[in-house]
Novice: 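Dropping the structure in here first, questions after.
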Amino acid sequence: MTIASAGPARIAGAAFVGLALAAAVAGGGWSFAAGRANAAISSWIAQEAAAGRVWSCPDRRTQGFPTRLEIVCPKLGFEGAVLDRPFAGSVGGFTAHASLWRPQTVEAQLAAPFSAATPEGDHFTLDWRRLDLVLDGAAQGFRAVAVSGEGFSLSGADASGAPLDFSAASAQASLRPGPGAPGEAPPSYEFEAKVAGAGAPTLAALLALKAPVDANVSGAIVGLDLAKGGSLLERLERWRLAGGRVDFSQVRIVSGEALLEAKGGFDLDEARRPRGEFDARLSGLEATLRRFGVSPALIAGGSLLTSFLTGSPGREDRTKTIRLPVRLADGVVSVGPLRLPSLRLPPLY
């Protein structure tokens with residue numbers, strides 16, 4: 001070999017060795033990340049089992065080498081307490097994945113259906129066409145979570161035989177920490193939920209609604225501490241005792257020409273019933289008001305009085321929109337000056 005030809009040969013050899021070393025490093029990094037991820041999942045499953053919730057994924061596997069980490073569970077089983085009631089069921093499966101270059105963001109796709117039942121006879125099946133989950137901050141502690149999907153349908157019945165029947169063309173929801181320094185008290189989380197084309201025949205008949213529902217709700221949950229453990233009921237009670245509340249910056253529900261818009265908030269009273277007040281605007285809900293024994297004309301009169309006191313007499317009447325406060329107190333709903341004893345608010349737990 002001549003001196004002139006040795007240079008390119010050495011360069012090629014060095015490049016080959018460099019690629020081999022890079023592949024070895026990448027392989028080692030991938031194996032380390034895969035081990036950490038599987039250990040974290042196993043630890044979480046053990047913690048859930050200690051709390052009485054048993055998750056099982058007998059055929060779990062890890063894939064995605066070299067730049068992507070995927071954890072696949074073809075079928076996920078569940079057995080344990082939900083709202084202090086024993087449930088057993090399964091999810092069709094899930095695939096969770098993250099880039100090795102951005103491990104703090106985890107994305108997952110869940111396979112339908114989710115089916116569960118109780119020994120007392122409650123049973124349901126939730127189906128969907130697409131369901132995605134995005135968790136941000138998985139490596140450094142919770143930052144945000146978002147869920148979105150399409151083609152939802154719920155079927156089944158409770159122990160008494162009352163049917164469960166719900167569907168939605170699409171739905172999405174998000175939860176993220178509110179403004180403020182980490183650990184600042186009281187902690188708050190901002191939320192947003194949207195549902196399009198929702199239908200529930202039993203509820204629609206109760207509310208005298210004839211069209212699918214579109215809803216958009218956003219606000220903040222104040223006083224929620226996700227760092228502390230416990231069951232859902234224990235967390236709710238801890239939140240209530242700490243003075244927790246839910247503030248709604250927007251509530252907008254549309255069903256055909258019927259419209260409800262509101263802002264306000266609520267907490268839980270000593271009997272664990274919702275307690276609060278909303279500034280509401282109603283339109284096209286005359287049939288719903290009559291269903292609960294309320295005269296739309298009387299409510300409209302109260303709306304005119306409210307408009308007069310706020311310096312805008314007649315404006316709401318011209319737009320056929322009723323504007324009145326809605327109060328939740330002592331387990332009863334009041335619209336303006338009228339209490340609706342037929343619309344009771346039972347304890348949440």
Side-chain angles (χ1 to χ4, degrees), residues 36-37 39-55 78 80-87 94 96 98 103-108 110 132-148 171-194 216-251 262-278 328-329 331 345-349:
R36 288 282 300 273
I41 291 177
S42 297
S43 175
W44 176 79
I45 290 176
Q47 292 175 8
E48 286 287 286
R53 297 180 293 267
V54 180
W55 296 87
F78 170 78
V82 178
L83 296 178
D84 287 344
R85 302 189 64 189
F87 270 87
F94 75 88
Q104 68 271 21
T105 300
V106 176
E107 300 181 11
L110 283 75
D132 300 327
L133 170 69
V134 178
L135 178 63
D136 191 17
Q140 295 82 26
F142 170 80
R143 283 216 307 265
V145 61
V147 181
S148 63
Q172 59 187 75
S174 64
L175 181 70
R176 59 186 180 275
E184 182 178 305
S188 67
Y189 291 86
E190 297 178 345
F191 66 88
E192 183 175 12
K194 297 180 180 180
N216 189 346
V217 181
S218 60
I221 306 174
V222 181
L224 180 63
D225 190 353
L226 295 179
K228 295 182 180 179
S231 67
L232 176 59
L233 298 186
E234 290 171 341
R235 290 171 184 261
L236 280 174
E237 182 64 7
R238 193 164 58 232
W239 173 73
R240 184 187 72 84
L241 292 175
R245 69 180 188 275
V246 180
D247 296 328
F248 292 90
S249 58
Q250 174 182 249
V251 176
K263 294 181 179 180
F266 75 90
D267 60 5
L268 299 180
D269 63 18
E270 293 74 11
R272 293 141 179 103
R273 300 168 302 193
R275 171 184 58 192
E277 184 170 335
F278 295 83
L328 317 176
L345 297 174
L348 295 184
Y349 59 95

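Just so it is clear, the structure is predicted and the values come from calculations on it, not from any experiment.
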Novice: Assess whether side-chain contact (heavy atoms from CB on, under 4.5 Å) is satisfied between Val246 and Trp239, documenting all intermediate values.
Specialist: CA-CA 11 Å; Val246 180; Trp239 173 73; 3.9 Å; yes
Novice: What residues, two or more places apart in sequence or in another chain, satisfy side-chain contact (heavy atoms from CB on, under 4.5 Å) together with Ala271?
Specialist: Asp269, Arg273
Novice: Closest heavy-atom contact between Phe191 and Ile221?
Specialist: CD2-CG1, 3.7 Å
Novice: Rounded to the nearest 0.5 Å, what separates atom CD in Glu192 from atom CD in Gln250?
Specialist: 7.5 Å
Novice: What heavy-atom pair brings Pro346 and Pro274 nearest, and what distance separates the two atoms?
Specialist: O-CD, 4.2 Å
Novice: In Å, rounded to the nearest 0.5 Å, how long is the span from CZ of Arg176 to CD of Glu190?
Specialist: 4.5 Å
Novice: Report the residues that fulfil side-chain hydrogen bond (donor to acceptor under 3.5 Å, both in side chains) with Asn216, sequence neighbours left out, ordered by chain and then residue number.
Specialist: none
Novice: Identify, with sequence neighbours excluded, every residue that meets ring pair (Phe, Tyr, Trp, His ring centres under 6.0 Å) alongside Phe78.
Specialist: Trp55
Novice: Quick one: CZ on Phe266 to CZ on Phe248, what's the gap to the nearest 0.5 Å?
Specialist: 5.0 Å
Novice: Locate the shortest heavy-atom distance separating Gly244 from Asp267; write the atom from each residue and the value.
Specialist: O-CB, 3.4 Å
Novice: As a quick check of understanding, evaluate side-chain contact (heavy atoms from CB on, under 4.5 Å) for Leu268 and Tyr349, giving each step before the final call.
Specialist: CA-CA 11 Å; Leu268 299 180; Tyr349 59 95; 3.9 Å; yes
Novice: To the nearest 0.5 Å, tell me how far Leu241 CG sits from Glu270 CD.
Specialist: 10.0 Å
Novice: Can you tell me how far the CG atom of Asp225 sits from the OH atom of Tyr189, to the nearest 0.5 Å?
Specialist: 6.5 Å
Novice: Hey, mind stepping through Leu345 and Leu328 against side-chain contact (heavy atoms from CB on, under 4.5 Å) and telling me if it holds?
Specialist: CA-CA 8 Å; Leu345 297 174; Leu328 317 176; 3.9 Å; yes
Novice: Taking Ser218 for the side chain and Ser249 for the main chain, is one N or O donor matched with an acceptor at less than 3.5 Å?
Specialist: no
